[in-house]
2 protein chains.
Amino acid sequence: MPKTDVNNAPFSYDGLDRVIHEKARLGLMTSLMAHPKGLAFADLKQLCGLTDGNLSRHLQVLQEAGLVEVTKGYEGNRPHTTCRLTKAGRRRFLDYLAVLERLVRDAAKAAGKEGAAPSRLGILPA
Amino acid sequence: MPKTDVNNAPFSYDGLDRVIHEKARLGLMTSLMAHPKGLAFADLKQLCGLTDGNLSRHLQVLQEAGLVEVTKGYEGNRPHTTCRLTKAGRRRFLDYLAVLERLVRDAAKAAGKEGAAPSRLGILPA
DNA sequence: GTCCGAACTTTGCATTGCAAAGTATAGCGG
DNA sequence: CCGCTATACTTTGCAATGCAAAGTTCGGAC
């Protein structure tokens with residue numbers, strides 16, 4: 001059990017996995033979620049607007065955490081790296097998203113509470 | 001303009017403000033959003049499940065970024081620190097949330113795309 | 001007057017994100 | 001054949017930062 005009881009700390013959001021909760025990695029996970037067949041290094045770089053170095057590093061982190069599977073092979077004769085979400089990666093990302101969604105909902109509710117701009121956020125529409 | 005054109009990098013999410021995008025600080029911002037009248041140091045500590053040291057540090061960061069207003073005073077004769085969101089803080093948090101919401105929506109859509117668990121996430125219900 | 005606890009702040013360390021430089025190979029111009 | 005640029009990554013170095021442990025200050029309780 002977490003050191004700080006969740007009942008007493010409703011805003012601790014300790015389900016926010018450190019490995020996933022990172023700007024760049026969030027983009028990567030989302031990209032990979034949208035492309036379950038896998039994506040090439042260059043594609044990810046483009047999609048997430050990352051430099052080669054950063055992408056390499058973040059992929060390494062995700063791989064070591066077992067969230068993505070990185071396959072280094074050759075396309076013709078040039079190196080070609082492909083990445084896919086692992087089963088665990090997908091599951092953990094969904095867990096993460098559930099927490100994130102709760103956060104957005106909490107904040108949106110709080111934002112709505114006090115007059116002013118009632119629905120700056122499109123969430124919770126219906 | 002950002003170095004990487006957003007058109008070419010749909011998953012860069014570069015609207016995710018570094019100062020806000022941090023587990024602990026996210027909790028703080030959400031707490032403060034829910035309590036526009038302000039919260040005491042001890043309250044925040046409890047709500048977010050933070051240690052004294054971490055709370056102090058994060059509040060300092062948020063204050064220096066102009067997102068929260070920290071008022072150090074005395075309640076009776078003991079020190080008493082109160083925190084409120086600034087106008088800019090509220091605005092920037094809402095901006096942040098909008099991006100976050102887009103991310104959750106992107107990911108949820110991607111998750112739904114390929115059979116399996118169709119609505120693990122409660123978002124996009126209707 | 002000393003012990004304890006509340007309410008913070010400061011310090012130190014170990015992690016980590018990021019960018020610049022490095023490696024390797026393919027393809028092309030001359 | 002010999003550079004030269006481009007592609008496809010990896011490695012390195014540094015500066016920032018989150019976190020916990022220790023420090024500080026002050027107010028009662030005893």
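Chain naming here is simple, since letters A, B, ... match the order of the sequence lines and numbering starts at 1 in each. Keep in mind that what you see is a predicted model, and the values were worked out from it rather than measured.
- Side-chain contact check for T71(B) versus T81(B): every heavy-atom pair is 4.5 Å or farther apart.
- Between the CZ atom of R78(A) and the C1' atom of dA24(C) there is a distance of 10 Å, given to the nearest Å.
- At least one side-chain nitrogen or oxygen of T81(B) sits closer than 4.0 Å to the OP1 or OP2 atom of dC8(C).
- When each of V61(A) and Y74(A) is assigned the nucleotide of DNA chain C with its nearest heavy atom, V61(A) is the one assigned upstream, toward the 5' end.
- Note: CG (L59(B)) to C1' (dA7(C)) measures 13 Å, nearest angstrom.
- Side-chain atoms of P79(A) lie closest to dC9(D) of the nucleotides dC8(C), dC9(D), dT7(D).
- Using a 4.0 Å heavy-atom cutoff across all strands shown, Q60(A) reaches no nucleic acid atom at all.
- Contact between the side-chain N/O atoms of H58(A) and the OP1/OP2 oxygens of dC18(C) is found at a separation under 4.0 Å.
- With R84(B) contributing its side chain and V68(B) its backbone, the two residues share no donor-acceptor pair below 3.5 Å.
- Between dC8(C) and R57(B), no contact under 4.0 Å exists linking OP1 or OP2 to a side-chain N or O.
- For F41(B), taking side-chain heavy atoms from C-beta onward, the closest of the listed nucleotides dG17(C), dT9(C), dA19(C) is dT9(C).
- Here dA7(C) is the nucleotide among dA7(C), dC18(C), dC19(D) with the atom lying nearest to any side-chain atom of A42(B).
- When the P atom of dT16(C) is taken as reference, atom NZ of K23(A) falls 19 Å away, rounded to whole Å.
- Between dT10(D), dT9(C), dC9(D), one nucleotide has an atom nearer to the side chain of K72(A) than all others, and that is dT10(D).
- Put simply, R25(B) has no side-chain N or O that comes within less than 4.0 Å of OP1 or OP2 on dT17(D).
- Per the geometry, CD belonging to Q63(A) stands 9 Å off P belonging to dT10(D), to the nearest Å.
- Here the P atom of nucleotide dT10(C) and the CG atom of L55(B) are 14 Å apart, to the nearest Å.
- Relative to the side chain of S56(A), the nucleotides dA19(C), dT9(C), dT11(D) differ in distance, and dT11(D) lies closest.
- In this structure, the side chain of S31(B) engages the main chain of G27(B) through a donor-acceptor pair within 3.5 Å.
- Distance D52(A) CG to dG17(C) P: 18 Å, rounded to the nearest Å.
- Going from atom NE2 of H80(A) over to atom C1' of dT7(D) covers 11 Å, rounded to whole Å.
- For R18(A) and dG17(C), the shortest distance from a side-chain N or O to OP1 or OP2 is not below 4.0 Å.
- Note: CG (N54(B)) to P (dA7(C)) measures 18 Å, nearest angstrom.
- Residue L62(A) holds its CG atom at 11.0 Å from CZ of R57(A), rounded to the nearest 0.5 Å.
- Remark: the Y74(A) side chain and the H80(A) side chain contain no N/O donor-acceptor pair separated by less than 3.5 Å.
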